[in-house]
Chemist: 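Below you will find the structure I want to go over with you.
The analysis underlying the following values was restricted to heavy atoms, covering all of them including side chains, and did not include hydrogens, waters or symmetry mates. Predicted model only: the values in this text are computed from it and were never measured.
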Amino acid sequence: MENTEKETVQQKREALANALGRTDALMDSFLDVLRQDFSEKDREVRDFHATAAKLIVEPVAKAVEAPAAETRSFAKPQDDERLHMSFQALCSDAMDCSRCQLCKTRKNVVFGTGCNHRPIVMVIGEGPGETEDNMGLPFVGKAGQFLDKWLAAISLSRETNVYITNTVKCRPPQNRDPLPEEKSACFAFLKQQIELIQPQAILCLGKPASTLMTGKDDATMGSLRGKFFFYEGIPLMCTYHPAAVLRDFSLKRPVWDDLKKLARYLGLETGGRA
(Lines give C-alpha, C1' and ligand atoms only; values in the text may rest on other atoms or scores of the structure.)
Protein backbone atom coordinates (compact mmCIF):
# COMPACT_ATOMS: atom_id res chain seq x y z
CA MET A 1 0.00 0.00 0.00
CA GLU A 2 2.82 2.32 0.94
CA ASN A 3 4.65 1.56 -2.33
CA THR A 4 1.49 2.32 -4.31
CA GLU A 5 1.13 5.73 -2.62
CA LYS A 6 4.80 6.50 -3.32
CA GLU A 7 4.34 5.57 -6.98
CA THR A 8 1.28 7.85 -7.21
CA VAL A 9 3.20 10.76 -5.68
CA GLN A 10 6.10 10.15 -8.05
CA GLN A 11 3.77 10.11 -11.06
CA LYS A 12 2.25 13.41 -9.96
CA ARG A 13 5.70 14.92 -9.57
CA GLU A 14 6.71 13.76 -13.04
CA ALA A 15 3.50 15.16 -14.56
CA LEU A 16 4.12 18.49 -12.82
CA ALA A 17 7.71 18.57 -14.05
CA ASN A 18 6.61 17.89 -17.60
CA ALA A 19 4.00 20.66 -17.42
CA LEU A 20 6.57 23.11 -16.06
CA GLY A 21 8.97 22.11 -18.81
CA ARG A 22 6.39 22.89 -21.47
CA THR A 23 5.67 26.22 -19.79
CA ASP A 24 9.38 27.11 -19.81
CA ALA A 25 9.60 26.23 -23.50
CA LEU A 26 6.57 28.39 -24.24
CA MET A 27 8.06 31.38 -22.40
CA ASP A 28 11.37 30.93 -24.21
CA SER A 29 9.53 31.04 -27.53
CA PHE A 30 7.71 34.22 -26.47
CA LEU A 31 10.99 35.90 -25.58
CA ASP A 32 12.64 34.83 -28.85
CA VAL A 33 9.81 36.34 -30.91
CA LEU A 34 9.82 39.56 -28.89
CA ARG A 35 13.57 39.98 -29.28
CA GLN A 36 13.36 39.32 -33.02
CA ASP A 37 10.34 41.49 -33.82
CA PHE A 38 10.90 44.47 -31.54
CA SER A 39 14.67 44.85 -31.29
CA GLU A 40 15.20 45.68 -34.97
CA LYS A 41 15.56 49.47 -34.85
CA ASP A 42 15.72 49.80 -38.63
CA ARG A 43 12.23 48.34 -39.11
CA GLU A 44 9.89 51.19 -40.04
CA VAL A 45 6.59 49.38 -39.49
CA ARG A 46 6.03 46.48 -37.14
CA ASP A 47 2.95 44.37 -37.76
CA PHE A 48 1.36 43.67 -34.37
CA HIS A 49 -0.98 41.01 -35.74
CA ALA A 50 1.88 39.07 -37.31
CA THR A 51 3.78 39.21 -34.02
CA ALA A 52 0.68 38.19 -32.07
CA ALA A 53 0.26 35.19 -34.33
CA LYS A 54 3.88 34.19 -33.65
CA LEU A 55 3.44 34.68 -29.91
CA ILE A 56 0.19 32.77 -29.64
CA VAL A 57 -0.16 30.28 -32.49
CA GLU A 58 3.36 29.06 -33.27
CA PRO A 59 4.76 28.56 -29.72
CA VAL A 60 1.60 26.90 -28.44
CA ALA A 61 1.62 24.50 -31.38
CA LYS A 62 5.21 23.51 -30.52
CA ALA A 63 4.82 23.40 -26.74
CA VAL A 64 1.67 21.29 -26.56
CA GLU A 65 0.15 18.60 -28.72
CA ALA A 66 -2.63 20.22 -30.70
CA PRO A 67 -4.92 18.89 -33.43
CA ALA A 68 -3.87 19.57 -37.01
CA ALA A 69 -5.07 22.82 -38.56
CA GLU A 70 -8.25 22.57 -40.59
CA THR A 71 -8.02 22.95 -44.36
CA ARG A 72 -10.53 23.95 -47.02
CA SER A 73 -12.52 21.09 -48.50
CA PHE A 74 -12.13 22.26 -52.08
CA ALA A 75 -9.02 22.27 -54.22
CA LYS A 76 -6.76 25.31 -54.16
CA PRO A 77 -4.17 24.65 -56.86
CA GLN A 78 -0.92 26.32 -55.85
CA ASP A 79 0.08 26.88 -59.48
CA ASP A 80 -2.98 29.03 -60.27
CA GLU A 81 -1.54 32.04 -62.08
CA ARG A 82 -3.97 34.36 -60.26
CA LEU A 83 -2.03 33.72 -57.05
CA HIS A 84 0.94 35.61 -58.50
CA MET A 85 -0.78 38.56 -60.19
CA SER A 86 -0.57 42.24 -59.32
CA PHE A 87 -3.76 43.89 -58.11
CA GLN A 88 -4.43 45.54 -61.48
CA ALA A 89 -3.74 42.34 -63.42
CA LEU A 90 -5.96 40.38 -61.05
CA CYS A 91 -8.82 42.83 -61.56
CA SER A 92 -8.41 42.70 -65.35
CA ASP A 93 -8.36 38.90 -65.31
CA ALA A 94 -11.56 38.83 -63.24
CA MET A 95 -13.36 41.01 -65.78
CA ASP A 96 -12.93 38.30 -68.42
CA CYS A 97 -13.29 35.28 -66.15
CA SER A 98 -15.24 32.27 -67.45
CA ARG A 99 -14.11 29.64 -64.93
CA CYS A 100 -17.61 28.78 -63.71
CA GLN A 101 -21.22 28.89 -64.92
CA LEU A 102 -21.94 32.28 -63.31
CA CYS A 103 -20.23 33.96 -66.26
CA LYS A 104 -23.24 32.97 -68.39
CA THR A 105 -25.83 34.85 -66.33
CA ARG A 106 -23.94 37.88 -64.96
CA LYS A 107 -24.23 41.42 -66.26
CA ASN A 108 -21.05 42.66 -64.59
CA VAL A 109 -18.13 41.24 -62.66
CA VAL A 110 -18.20 42.74 -59.15
CA PHE A 111 -14.55 42.67 -58.12
CA GLY A 112 -14.46 44.94 -55.05
CA THR A 113 -14.35 48.54 -53.86
CA GLY A 114 -12.76 50.74 -51.21
CA CYS A 115 -9.29 51.17 -49.74
CA ASN A 116 -7.07 48.54 -51.38
CA HIS A 117 -3.86 49.12 -49.42
CA ARG A 118 -3.68 48.07 -45.76
CA PRO A 119 -7.31 48.89 -44.86
CA ILE A 120 -8.32 48.46 -41.26
CA VAL A 121 -11.00 45.94 -42.25
CA MET A 122 -11.70 43.84 -45.33
CA VAL A 123 -15.40 42.94 -45.57
CA ILE A 124 -16.23 39.68 -47.35
CA GLY A 125 -19.82 38.92 -48.31
CA GLU A 126 -21.46 36.06 -50.18
CA GLY A 127 -21.99 37.31 -53.73
CA PRO A 128 -23.41 40.26 -55.67
CA GLY A 129 -27.15 40.90 -55.70
CA GLU A 130 -29.22 42.35 -58.53
CA THR A 131 -28.30 45.98 -57.86
CA GLU A 132 -24.63 45.08 -57.51
CA ASP A 133 -24.76 43.08 -60.75
CA ASN A 134 -26.26 46.08 -62.57
CA MET A 135 -23.74 48.58 -61.19
CA GLY A 136 -20.62 46.42 -60.99
CA LEU A 137 -20.01 47.40 -57.33
CA PRO A 138 -20.45 45.35 -54.13
CA PHE A 139 -22.98 46.21 -51.42
CA VAL A 140 -24.72 49.16 -53.08
CA GLY A 141 -28.34 48.02 -52.59
CA LYS A 142 -30.39 48.12 -49.38
CA ALA A 143 -28.07 45.65 -47.65
CA GLY A 144 -25.09 47.76 -48.68
CA GLN A 145 -26.64 50.93 -47.29
CA PHE A 146 -27.31 49.08 -44.06
CA LEU A 147 -23.68 47.87 -44.02
CA ASP A 148 -22.42 51.45 -44.42
CA LYS A 149 -24.30 52.37 -41.23
CA TRP A 150 -22.72 49.44 -39.40
CA LEU A 151 -19.25 50.54 -40.49
CA ALA A 152 -19.85 54.17 -39.59
CA ALA A 153 -20.94 53.09 -36.10
CA ILE A 154 -17.42 51.78 -35.43
CA SER A 155 -15.49 54.56 -37.20
CA LEU A 156 -15.08 52.74 -40.52
CA SER A 157 -15.89 53.75 -44.10
CA ARG A 158 -15.49 52.19 -47.53
CA GLU A 159 -14.14 55.56 -48.72
CA THR A 160 -11.17 55.65 -46.35
CA ASN A 161 -10.28 52.49 -44.42
CA VAL A 162 -12.39 49.52 -45.58
CA TYR A 163 -12.24 47.25 -48.62
CA ILE A 164 -15.39 45.33 -49.60
CA THR A 165 -15.66 42.24 -51.79
CA ASN A 166 -17.45 38.86 -52.02
CA THR A 167 -16.57 35.18 -52.11
CA VAL A 168 -17.72 35.11 -55.74
CA LYS A 169 -17.49 38.04 -58.13
CA CYS A 170 -20.59 37.27 -60.21
CA ARG A 171 -24.23 37.21 -59.14
CA PRO A 172 -25.72 33.76 -58.47
CA PRO A 173 -29.15 33.49 -60.15
CA GLN A 174 -32.07 34.51 -57.90
CA ASN A 175 -29.48 35.51 -55.27
CA ARG A 176 -29.02 31.88 -54.18
CA ASP A 177 -25.96 30.87 -52.14
CA PRO A 178 -22.82 30.31 -54.24
CA LEU A 179 -22.26 26.63 -55.05
CA PRO A 180 -19.06 24.92 -53.85
CA GLU A 181 -17.65 24.72 -57.38
CA GLU A 182 -18.35 28.44 -57.88
CA LYS A 183 -16.57 29.38 -54.66
CA SER A 184 -13.70 27.10 -55.60
CA ALA A 185 -13.34 28.69 -59.04
CA CYS A 186 -13.30 32.16 -57.51
CA PHE A 187 -11.21 31.48 -54.42
CA ALA A 188 -7.86 32.29 -56.06
CA PHE A 189 -9.17 35.81 -56.78
CA LEU A 190 -10.17 36.26 -53.14
CA LYS A 191 -6.96 34.73 -51.79
CA GLN A 192 -4.79 37.03 -53.91
CA GLN A 193 -6.93 40.05 -53.03
CA ILE A 194 -6.23 39.39 -49.36
CA GLU A 195 -2.53 38.82 -50.03
CA LEU A 196 -2.15 42.10 -51.94
CA ILE A 197 -4.46 44.28 -49.85
CA GLN A 198 -3.14 43.05 -46.47
CA PRO A 199 -6.07 44.09 -44.24
CA GLN A 200 -5.55 44.42 -40.51
CA ALA A 201 -8.70 42.34 -39.93
CA ILE A 202 -11.40 40.53 -41.91
CA LEU A 203 -15.16 40.74 -41.31
CA CYS A 204 -17.18 37.92 -42.91
CA LEU A 205 -20.88 38.53 -43.53
CA GLY A 206 -23.22 35.56 -43.72
CA LYS A 207 -22.78 31.81 -43.63
CA PRO A 208 -21.23 31.17 -47.10
CA ALA A 209 -18.41 33.66 -46.50
CA SER A 210 -17.95 32.60 -42.88
CA THR A 211 -17.75 28.86 -43.54
CA LEU A 212 -15.45 29.39 -46.51
CA MET A 213 -12.96 31.54 -44.63
CA THR A 214 -12.95 29.50 -41.41
CA GLY A 215 -13.02 26.08 -43.07
CA LYS A 216 -15.91 25.05 -40.82
CA ASP A 217 -18.22 23.91 -43.60
CA ASP A 218 -20.93 22.39 -41.38
CA ALA A 219 -21.03 25.13 -38.74
CA THR A 220 -24.05 27.36 -38.15
CA MET A 221 -23.87 31.15 -38.11
CA GLY A 222 -24.86 31.07 -34.47
CA SER A 223 -21.74 29.05 -33.66
CA LEU A 224 -19.41 31.18 -35.80
CA ARG A 225 -20.51 34.73 -35.01
CA GLY A 226 -18.82 36.80 -32.37
CA LYS A 227 -15.63 34.71 -32.31
CA PHE A 228 -12.16 35.49 -33.58
CA PHE A 229 -10.49 33.16 -36.05
CA PHE A 230 -7.26 33.54 -38.00
CA TYR A 231 -6.85 33.42 -41.78
CA GLU A 232 -3.17 33.39 -42.81
CA GLY A 233 -2.34 35.20 -39.58
CA ILE A 234 -5.07 37.84 -40.06
CA PRO A 235 -7.72 38.07 -37.31
CA LEU A 236 -11.19 37.29 -38.68
CA MET A 237 -14.65 37.93 -37.22
CA CYS A 238 -17.95 36.49 -38.50
CA THR A 239 -21.40 38.01 -38.18
CA TYR A 240 -24.81 37.91 -39.86
CA HIS A 241 -25.31 39.31 -43.34
CA PRO A 242 -27.08 42.71 -43.56
CA ALA A 243 -29.73 41.16 -45.82
CA ALA A 244 -30.52 38.60 -43.10
CA VAL A 245 -30.87 41.37 -40.51
CA LEU A 246 -33.23 43.28 -42.81
CA ARG A 247 -35.41 40.15 -42.87
CA ASP A 248 -35.13 39.53 -39.12
CA PHE A 249 -34.51 42.57 -36.90
CA SER A 250 -33.92 40.37 -33.86
CA LEU A 251 -30.42 39.83 -35.32
CA LYS A 252 -29.52 43.51 -34.88
CA ARG A 253 -28.43 43.06 -31.27
CA PRO A 254 -25.97 40.19 -31.89
CA VAL A 255 -24.53 42.02 -34.92
CA TRP A 256 -23.96 45.14 -32.82
CA ASP A 257 -22.28 43.02 -30.14
CA ASP A 258 -19.99 41.51 -32.80
CA LEU A 259 -19.12 44.92 -34.24
CA LYS A 260 -18.29 46.33 -30.81
CA LYS A 261 -16.03 43.36 -30.11
CA LEU A 262 -14.23 43.94 -33.42
CA ALA A 263 -13.93 47.67 -32.67
CA ARG A 264 -12.41 46.99 -29.25
CA TYR A 265 -9.89 44.62 -30.80
CA LEU A 266 -8.85 47.20 -33.40
CA GLY A 267 -8.89 50.15 -31.02
CA LEU A 268 -11.78 51.87 -32.80
CA GLU A 269 -14.34 54.05 -31.07
CA THR A 270 -18.03 53.31 -31.44
CA GLY A 271 -20.51 56.00 -32.35
CA GLY A 272 -18.84 57.14 -35.57
CA ARG A 273 -15.85 59.02 -34.12
CA ALA A 274 -12.45 58.35 -35.66
Side-chain angles (χ1 to χ4, degrees), residues 43-52 85-92 94-95 108-129 131-132 134-167 169 189-206 209-210 213 226 228-243 245-246 252 255-274:
R43 182 178 292 187
E44 295 180 1
V45 179
R46 298 184 178 93
D47 191 329
F48 169 79
H49 300 302
T51 301
M85 289 182 175
S86 66
F87 189 83
Q88 196 61 43
L90 189 72
C91 181
S92 297
M95 296 302 113
N108 286 292
V109 173
V110 184
F111 187 70
T113 188
C115 173
N116 59 23
H117 179 66
R118 290 293 293 168
I120 295 177
V121 172
M122 182 175 186
V123 176
I124 302 176
E126 301 171 10
T131 305
E132 290 75 15
N134 289 332
M135 298 182 63
L137 292 170
F139 284 92
V140 290
K142 290 183 179 180
Q145 295 167 15
F146 201 18
L147 172 62
D148 287 340
K149 294 180 180 179
W150 294 6
L151 297 175
I154 57 171
S155 306
L156 295 173
S157 167
R158 69 171 78 199
E159 281 77 28
T160 58
N161 53 20
V162 171
Y163 187 82
I164 303 176
T165 190
N166 287 295
T167 60
K169 313 306 182 189
F189 285 122
L190 181 59
K191 182 177 177 66
Q192 186 67 352
Q193 278 179 305
I194 298 171
E195 176 69 24
L196 293 170
I197 291 170
Q198 284 294 296
Q200 296 178 39
I202 295 172
L203 176 63
C204 290
L205 304 178
S210 298
M213 298 304 295
F228 279 106
F229 300 89
F230 277 90
Y231 173 81
E232 302 291 340
I234 302 172
L236 180 150
M237 170 76 73
C238 303
T239 195
Y240 294 104
H241 196 283
V245 182
L246 287 172
K252 288 180 67 176
V255 168
W256 180 229
D257 290 341
D258 298 342
L259 293 174
K260 287 190 292 184
K261 184 179 293 187
L262 180 63
R264 285 195 300 270
Y265 180 86
L266 293 170
L268 300 171
E269 293 188 19
T270 58
R273 295 187 301 276

Chemist: Check whether any side-chain heavy atom of Pro138 sits under 4.5 Å from a side-chain heavy atom of Thr113, and report yes or no.
Modeler: yes
Chemist: Apply side chain to side chain contact (heavy atoms under 4.5 Å, CB included) to Ile194 and list each qualifying residue two or more places apart in sequence or on a separate chain.
Modeler: Met122, Ile124, Leu190, Pro199, Ile202, Met213, Tyr231, Ile234
Chemist: Locate the shortest heavy-atom distance separating Glu132 from Pro128; write the atom from each residue and the value.
Modeler: CB-CB, 3.8 Å
Chemist: Might you point out which heavy atoms bring Cys115 and Tyr163 nearest each other, and give the distance in Å?
Modeler: O-CB, 3.1 Å
Chemist: Of all heavy-atom pairs between Val110 and Leu137, which one has the smallest distance, and what is that distance?
Modeler: CG1-C, 3.3 Å
Chemist: Tell me every residue that passes side-chain hydrogen bond (donor to acceptor under 3.5 Å, both in side chains) with Glu159, counting only those two or more places apart in sequence or in another chain.
Modeler: Ser157
Chemist: Rounded to the nearest 0.5 Å, what's the gap from CH2 on Trp256 to OG1 on Thr270? Could you check?
Modeler: 5.0 Å
Chemist: Applying salt bridge (charged side-chain N to carboxylate O under 4.0 Å, His left out), name anything that partners Lys260, two or more places apart in sequence or on another chain.
Modeler: Asp257
Chemist: Counting N and O atoms only, with roles assigned by atom type, does the side chain of Gln200 sit under 3.5 Å from a partner on the main chain of Leu266, one being a donor and the other an acceptor?
Modeler: no
Chemist: Distance from Phe87 atom CZ to Gln192 atom CD, nearest 0.5 Å?
Modeler: 10.0 Å
Chemist: Have a look at Leu203 and tell me which of Val162, Leu236, Leu259 forms a side chain to side chain contact (heavy atoms under 4.5 Å, CB included) with it.
Modeler: Leu259
Chemist: On a heavy-atom basis, which atom in Lys169 and which in Gln193 lie closest, and how many Å separate them?
Modeler: NZ-OE1, 2.6 Å
Chemist: Any side-chain to backbone donor/acceptor pair from Asn116 onto Ile197? Under 3.5 Å, distance only.
Modeler: no
Chemist: Do you know the tightest heavy-atom contact between Tyr240 and Leu205?
Modeler: O-CD2, 4.0 Å
Chemist: Going by side-chain hydrogen bond (donor to acceptor under 3.5 Å, both in side chains), name the residues that satisfy it together with Thr160, two or more places apart in sequence or in a different chain.
Modeler: none
Chemist: Would you say Glu232 and Glu195 make side-chain contact, with heavy atoms under 4.5 Å?
Modeler: no
Chemist: For Glu126, does its backbone N or O pair with a side-chain atom of Asn166 as donor and acceptor, under 3.5 Å?
Modeler: yes
Chemist: Mind checking side-chain hydrogen bond (donor to acceptor under 3.5 Å, both in side chains) for Thr167 and listing every partner two or more places apart, or none if nothing turns up?
Modeler: none
Chemist: Parallel, tilted or perpendicular: which fits the ring planes of Phe189 and Phe111, with parallel below 30° and perpendicular above 60°?
Modeler: perpendicular
Chemist: Which pairs would a plain distance check flag for residues 142-154, meaning a side-chain donor or acceptor within less than 3.5 Å of a matching protein atom at least two apart in sequence or in another chain?
Modeler:
{"residue": "Asp148", "atom": "OD1", "partner": "Arg158", "partner atom": "NE", "Å": "3.0"}
{"residue": "Asp148", "atom": "OD1", "partner": "Arg158", "partner atom": "NH2", "Å": "3.0"}

Chemist: Check whether any side-chain heavy atom of Cys204 lies under 4.5 Å from a side-chain heavy atom of Phe229, and answer yes or no.
Modeler: no
